[in-house]
Amino acid sequence: MKIRDISRMAWEQVKRRKVVTGLCMTGISIGCAAIIVALSVGQSAQVYVTDQVNQNFKMDEIMVSPGGGIPSNGKGGSGGGGSVEVNENLDPGKLTDQKLKIIQGLNHVKAASPFQEAGYLQMVTVDNKIADVRIIIADLKMLTAYDHKFKQGGASGQVGSVVLNYGATLGLIDLETRQKLFDQMNAEPFNQELYQQYDKLGVVPAEMYRKQIQIQAQDYGSTAPVYKLSSPLQVDGILASPKGMDDLRASYEKIMYMSPETAVQLSKELSFDNSTTSVLTLPPEGTYNSLTVKVDDVANIKSVEQMIQKLTLNAQDNLFQQEMLKEQFDMIKMAALGIGVFILVIASISIIVAMTMSTHQRRRQIGIMKVLGANMGQIRNMFITEAALLGLLGGILGVAFSYLIMMGLNKLVGSAGEGMNFFIPTMNLPIGMSFAIMTGVLSGIYPAISASRTDALTAIKRD
Amino acid sequence: MLRVEDITHSYKSGNEWTSVLHKINFAVKEGEMVALLGSSGSGKSTLLNLMAGLMKPTEGHIYIADKDIVKMGENKLAEFRRKNIGFIFQAYELITSLTVRENVELPLVFQSVSPRARKAKALALLEQVGIPDKADLFPSQLSGGQQQRVSIARSLITEPSVIFADEPTGNLDSKTEEEIISILLNLNRTMKTTFIVVTHEYKVAEQMQRIFTLKDGFLITESQREPQVQTEPQIEPQLELKTEVQGEEQIAEEAEPQTMVEVEEQLAAGAEQEAVEPQTAAADEDPPAEEPEHQTAAEADPAEGGKP
């Protein structure tokens, strides 16, 4: 019996027995939609969270800091295949200029530049507004190589020129207002309005481009508060906020980038006589406390990292973040799949019942076919094909259902104002369809066998 | 072509065995058209089912095209049926979801014949049974007689060695009955297909070349219609010795239960009597009164034998 004939006969039956077809299709489609939706929600959430993580942690960057690493003994270090010559004269554990040059010359390294944390200081504007900023000492010209984009202006090589990130332009308020608000919040710690007011103030933008600012330092060593102000610095560039980041979150991270030369000048200006330490944490000249390496592809991160470690340096990437997320979401996806499969199993019971009923109703027809020469295998195949067809139709309906459900979810989430977008990855459609067809076939096996075993004579006998 | 050897069939109901057929023996030649005549409960349908391989006999052998179908397994039997046996049912048994043409094609579908080939064959057969214009209709749109024609066309499509027709006119009025029988006779004549027609109606049976009469599981008579010169030139002598149907009626009234020996004795006695009118017991099921064409060969009138 040709597949075409089997399929055509199965299709005729499916078309003819509308109630059975409807029942089975509904059951399977619910199960199929459950699988597709469950998997897709899991994946949408993963994409959303990964995006969020990627905004904060760049996956193609390696943070290099002094110390640690793999001491090279000439034998180890099989990975990477790079050609790092380890010089005995290299200061072990130190991040020197020489090592920076070696790293810059490594394969797959797009950029390697120091980004040194120099601590938190207060920035004061000309109109006396203040903000606490994180000072990062870096080559300002290199900022764009690390995916930073300038919203306004750009990098200038002059001493006394600084670049602010977008967050640093938000929520600048004068000292008095801030102090007043703090006092009120202390007095009424449960007053929500005050917190909302604080948040609101926190995102008020200020025009900072080409403005002059000063850095203020306090001498914590003396009993009475002693402040020192730096000479004016010029804001020559404002960085754009990373894609998808809202103002409130951006306002939590205020960064001021300055060149090493500016940092040295600032350090001199802000040193207190009675203090031995500078308000700015600066490493000894010719060395760095932090280096950021940008690699051309995430796939090469590990090999570059191994080579850096050979220089007796610490290298850390952000891939573990992704792996951690992947593990968590794999678990969620498995659970979702489990729920979908469970629903399909329940659905399959309805198919078994409907198909068995249908087999009994069609006993006579099966009997005739057997008398006309159909063997057990042919009868079985006809029924299994019919069940598979029901599975396929249920699957198609299920795909349609899942799109409707996702549309509904997007509307629901959209109205809640969240930035999450639910989507159905194309790969989930064949998965859902295969489960649907498999359910059809599996639940068709028993009715098919029972049909093929029908005794022809009993079936065609008229009472 | 078809040989039934010592077929005995019984079934168990409760703790008792009920015998349905007793040592049935007969043979049908290729191209022959024979009737299995008997009232209900005579065992004729059981015998048909056994010959078609739908049941297994308790004892005995059935040979079709020299193959013992009793020994075949279910799938082998299915394959054998597919190639060698055609069926015509009393209630037509067409598949309602398929068109007339598709119904006729169905046996070839199980043989994986290409759609084009089977379509051509089905249309030719529909033409032969006189309903070429009904090919695309569904069975429910046809009259009983037309449905039976479809069933006949379906039985022929595999060009089987033998066609079993189970009360083919049982659901039809007398006019349609005549049409159907004439179609069958015509097909037998033109296509030389072997037909075994099960019927309880003598007027149907009498049109066949030979009649095997069954009563209570015994094959009691085998009568030969006056041969047509072209088709049946030879007559087997031992068959001629057996008696005609009327004898059986008398025996049925004279002695119950019968054994085969008694039947034969009484049949022999009955054969000596001249044509006695049949009794009216079980009149509607049993052969009707007039049966001019089925006489013992010695008495046969050559003038009456020819036409169906």
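Quick note on labels: first sequence line is chain A, next is B, and so on, each numbered from 1. This one's a predicted model, so the numbers in the text were calculated from it and none came from an experiment.
The contact between B:Pro115 and chain A is made entirely by side chain atoms (from C-beta outward), counting heavy-atom distances below 4.5 Å. If you measure heavy-atom distances from B:Gln90 to chain A, you find no contacts under 4.5 Å at all. Only the side chain of B:Ile95 comes within less than 4.5 Å of a heavy atom of chain A; its backbone N, CA, C and O stay farther away. Proximity to chain B (any heavy atom under 4.5 Å) is shown, for A:Met369, by both the backbone and the side chain. Residue contact with chain B, scored on non-hydrogen atoms closer than 4.5 Å, involves the side chain of A:Ala456 exclusively. Interface remark: A:Arg8 contributes side-chain atoms only to the contact with chain B (heavy atom separation under 4.5 Å).
Side-chain rings of B:Phe89 and B:Phe87 approach one another, their centers coming within less than 6.0 Å.
A side-chain donor-acceptor contact under 3.5 Å links B:Gln148 and B:Ser151. Counting only N and O atoms by type, the side chains of B:Gln146 and B:Ser143 include a donor and acceptor under 3.5 Å apart. Donor-acceptor pairing under 3.5 Å is recorded for the side chains of A:Arg16 and B:Thr96.
For the pair B:Arg3 and B:Tyr63, the cation-pi criterion (under 6.0 Å, within 45° of the ring axis) is fulfilled.
Residues B:Arg101 and B:Glu105 are in side-chain contact: their nearest non-hydrogen atoms beyond the backbone lie under 4.5 Å apart.
Ranked by heavy-atom pairs under 4.5 Å with chain A, the first of B:Gln111, B:Lys76, B:Glu102 is B:Glu102.
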